[in-house]
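Note sheet for the following structure.
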Amino acid sequence: MAEAQTSDILIIGSGAAGLTAALNLADRFKVTVLAKGKLNEGSTAWAQGGIAAVLEPGDTFESHIEDTMIAGAGLNDRATVEFVVENAPKAIARLTELGVPFNMDGNAPHLTREGGHSHRRIVHVADATGHAVQVALQTAAEAHPNIRLLPDMVCVDLATSKHEQRYSGAGHVWGVYAVNRETGRVELFTARATILATGGAGRTYLFSTAPRGATGDGIAMAWRAGARVSNMEMMQFHPTCLYNLDVKNFLITEAVRGEGGHLLLPETGYRFMPDFDPRAELAPRDVVARAIDHEIKRLGLDYVHLDISHRGPEFIREHFPNIHEKLLGLGIDMTREPIPVVPAQHYTCGGVVIDLDGRTDLPGLYAAGECSESGLHGANRLASNSLLECFVFGEACARHITEHWEDLPPPPSIRAWDESRVTDSDEEVVIKQNWTEIRRFMWNYVGIVRTTKRLERAQHRIRMLTDEVNDYYGHFRVTPDLIELRNLLQTAELIVRSALHRKESRGLHYTLDYPDMLPDAIDTVLVP
């Protein structure tokens, strides 16, 4: 069995959070970054909207903080919100230095507005900000001699004190076991500090805008290793995902509504949002998604229409070049006709509990970005705060590791992965069947509108599937698909358990059995 591959710091995930941390550490330390697929396959490259920051004259930190708290239905941690908002302008400046080509108005960045924001404060690169950010970060990381980027590494589990040659119950994290997709073998990576930047758990759901790899890996691994997980019931559904049976998960950005798009019923063309909220299409995402869900279920529709054709062809082509071109390829001309849209899972607001330094409960383990629960988003994420969180916490992890380097012990010798008692599976169909089943019942029972009965049904199915998957995992050699299925199921269990625990409707968690919001906002914290 191959020896452990050791570096100073190990980062799991190659999106905005992971690469920001890597670039902030690499001048002093040797950093290894593991990506599950290609380096640019994470959620960052898909982010169309932009990055929220107070840059407009007349806008204030206080105002951005308030907007975030209101969107998060009071469940946010105010200290975290202040920390992130106040660090936003600096994060934008550093991205500009890295060469991110933000749209400009003269000497200042061009700012757009999105639902829930009281000011224009979204810096963007047309409608493909995430892609531009990913390119800039990845280019810088690839050029850095101290950063080793390894694609196609599927992480199985964190290597902790219980994997030491001399067993210890200290709960320290020393790295990770990962399957190399090319060889199919499990390799061990160790480091003094490990940063989880693995993204969210969107693929637990049938309709999701998340990339295929968003299977909750970091959350599931941290939970199994002994870290607390919080607010997993808070799953954000983006109101407007393109409804197209051939093209899964193409997002129609919030900014289409921000720039005047209307939501209409397909048959009649009736504009229904003013019936649900005085802010109409500019209400926060949870309100808009629930309204669309309500109309779809009430009328038995497959989708509703999003129409911005009244703004004129020039305006549309200038503001939404990528979306316009993509839709034209599918036979939809958004300058002349409406776009069929449906809500889809979009963002995981809960995750591994971290502090302002990005530290989890487990010594040696940090987390940043969508896999973490920092207290920024609360019960609902405000648009364009997500990329921002990645930069601020990627940097916070790096800063804390650098300042406390002497306190981080070097990894002891860790046992190699043992597959002496397993065989190759001849039952791949089991994985595909279970994957489909989880995503379907999560969509139907644990979706935008919930009931206790539906949640209990989901829980019952999860228990049955867990026995099946554990049995399978114990007998067969691990494959990327099996690892993802195991993590999906673990994440689904955490989501359902959290949802059953919350006896109120708040933000993204809406249940018909408890439609009112309780006076106190309390985090749902699960302890392993």
| remark: residues 301-315 vs salt bridge (Lys or Arg N to Asp or Glu O under 4.0 Å), sequence neighbours excluded, gives E314-R317
| field | All ring pair (Phe, Tyr, Trp, His ring centres under 6.0 Å) counterparts of Y510, not counting sequence neighbours | value | none
| said: Restricting to non-hydrogen atoms, name the atom on V469 and the atom on L485 that form the minimum distance, rounded to 0.1 Å. | reply: CG2-CD2, 3.8 Å
| task | For Q134 and N40, work out which heavy atoms get closest and say how close. | result | NE2-CA, 3.8 Å
Give every donor-acceptor pair under 3.5 Å between a side-chain atom in residues 264-284 and any protein atom, sequence neighbours left out.
unit_1	atom_1	unit_2	atom_2	d
T268	OG1	Y270	N	3.2
Y270	OH	D275	OD1	3.1
Y270	OH	D275	OD2	2.8
R271	NE	E281	OE1	3.2
R271	NE	E281	OE2	3.1
R271	NH2	E281	OE1	2.6
D277	OD1	R279	N	2.8
D277	OD1	R279	NE	3.0
D277	OD2	R279	NH2	3.2
E281	OE2	L263	N	2.9

| said: Rounded to the nearest 0.5 Å, what separates atom CD1 in I438 from atom CG in L465? | reply: 5.5 Å
| remark: Sorted by chain and number, sequence neighbours left out, side-chain hydrogen bond (donor to acceptor under 3.5 Å, both in side chains) with R461 holds for none
| request: Output yes when a side-chain donor or acceptor of H117 lies under 3.5 Å from a complementary backbone atom of H119, and no otherwise. | output: no
| said: For residues 63-74, which residue pairs pass the salt bridge (Lys or Arg N to Asp or Glu O under 4.0 Å) check, not counting sequence neighbours? | reply: E66-R78, D67-R121
| message | If the condition is side-chain hydrogen bond (donor to acceptor under 3.5 Å, both in side chains), which residues does D481 pass it with, not counting sequence neighbours? | response | none
| Test log, rule side chain to side chain contact (heavy atoms under 4.5 Å, CB included), inputs T491 and T215 | CA-CA 8 Å; T491 311; T215 49; over 6 Å; no
| task | Not counting sequence neighbours, which residues clear ring pair (Phe, Tyr, Trp, His ring centres under 6.0 Å) with F61? List them please. | result | none
| said: Just to verify, what does T253 make a side-chain hydrogen bond (donor to acceptor under 3.5 Å, both in side chains) with, not counting sequence neighbours? | reply: none
| remark: Closest heavy-atom pair, I462 versus V496, reported as atoms and distance to 0.1 Å, is CD1-CG2, 3.7 Å
| field | Counterpart residues, ring pair (Phe, Tyr, Trp, His ring centres under 6.0 Å), relative to Y303 (two or more places apart) | value | Y243, H305
| Strictly by modelled atom types, are S374 and E389 linked by a side-chain donor-acceptor pair under 3.5 Å? | yes
| query | What pair of heavy atoms forms the shortest contact from H310 to G260, and how long is it? | reply | NE2-O, 2.9 Å
| Can T335 and H324 be said to form a side chain to side chain contact (heavy atoms under 4.5 Å, CB included), step by step? | CA-CA 8 Å; T335 66; H324 176 252; 3.6 Å; yes
| task | Any chance you could measure M334, atom CE, to E325, atom CD, to the nearest 0.5 Å? | result | 12.5 Å
| note | Residue pairs meeting salt bridge (Lys or Arg N to Asp or Glu O under 4.0 Å), one or both in residues 482-492, sequence neighbours left out, come to K36-E484, D157-R486, R212-E484
| query | Got a sec, which pairs hit salt bridge (Lys or Arg N to Asp or Glu O under 4.0 Å) with one end in residues 438-457, sequence neighbours left out? | reply | none
| message | If we check side chain to side chain donor-acceptor pair (under 3.5 Å) with E233, which of these qualifies: H509, R502, R497, H501? | response | R502
| message | Nearest 0.5 angstrom please: L508 CG to L75 CG, how far? | response | 10.0 Å
| message | Is there a side chain to side chain contact (heavy atoms under 4.5 Å, CB included) between N385 and T68? Walk through the geometry before answering. | response | CA-CA 8 Å; N385 269 353; T68 302; 3.1 Å; yes
| Which heavy atom in A16 sits nearest to a heavy atom in T44, and how many Å separate them? | N-OG1, 2.8 Å
| query | Could R290 and D293 be called an ion pair, given the rule that one side-chain N must be under 4.0 Å from one carboxylate O? | reply | no
| request: Would you check if there is a donor-acceptor pair between the side chains of T112 and E259 at a distance under 3.5 Å? | output: yes
| said: Quick check for you: to the nearest 0.5 Å, what is the distance between E41 atom CD and L39 atom CG? | reply: 9.0 Å
| message | Can you tell me how far apart CZ (F315) and CZ (F320) are? Round to the nearest 0.5 Å. | response | 6.0 Å
| query | What distance do L489 atom CG and N434 atom CG have between them, rounded to the nearest 0.5 Å? | reply | 8.0 Å
| message | Would the distance check show the side chain of Q236 and the main-chain N or O of H346 forming a donor-acceptor pair, the cut-off being under 3.5 Å? | response | no
| task | Could you list the residues that satisfy side-chain hydrogen bond (donor to acceptor under 3.5 Å, both in side chains) with K503, not counting sequence neighbours? | result | none
| message | Under the side chain to side chain contact (heavy atoms under 4.5 Å, CB included) test against L242, which residue among L251, I332, T209 passes? | response | I332
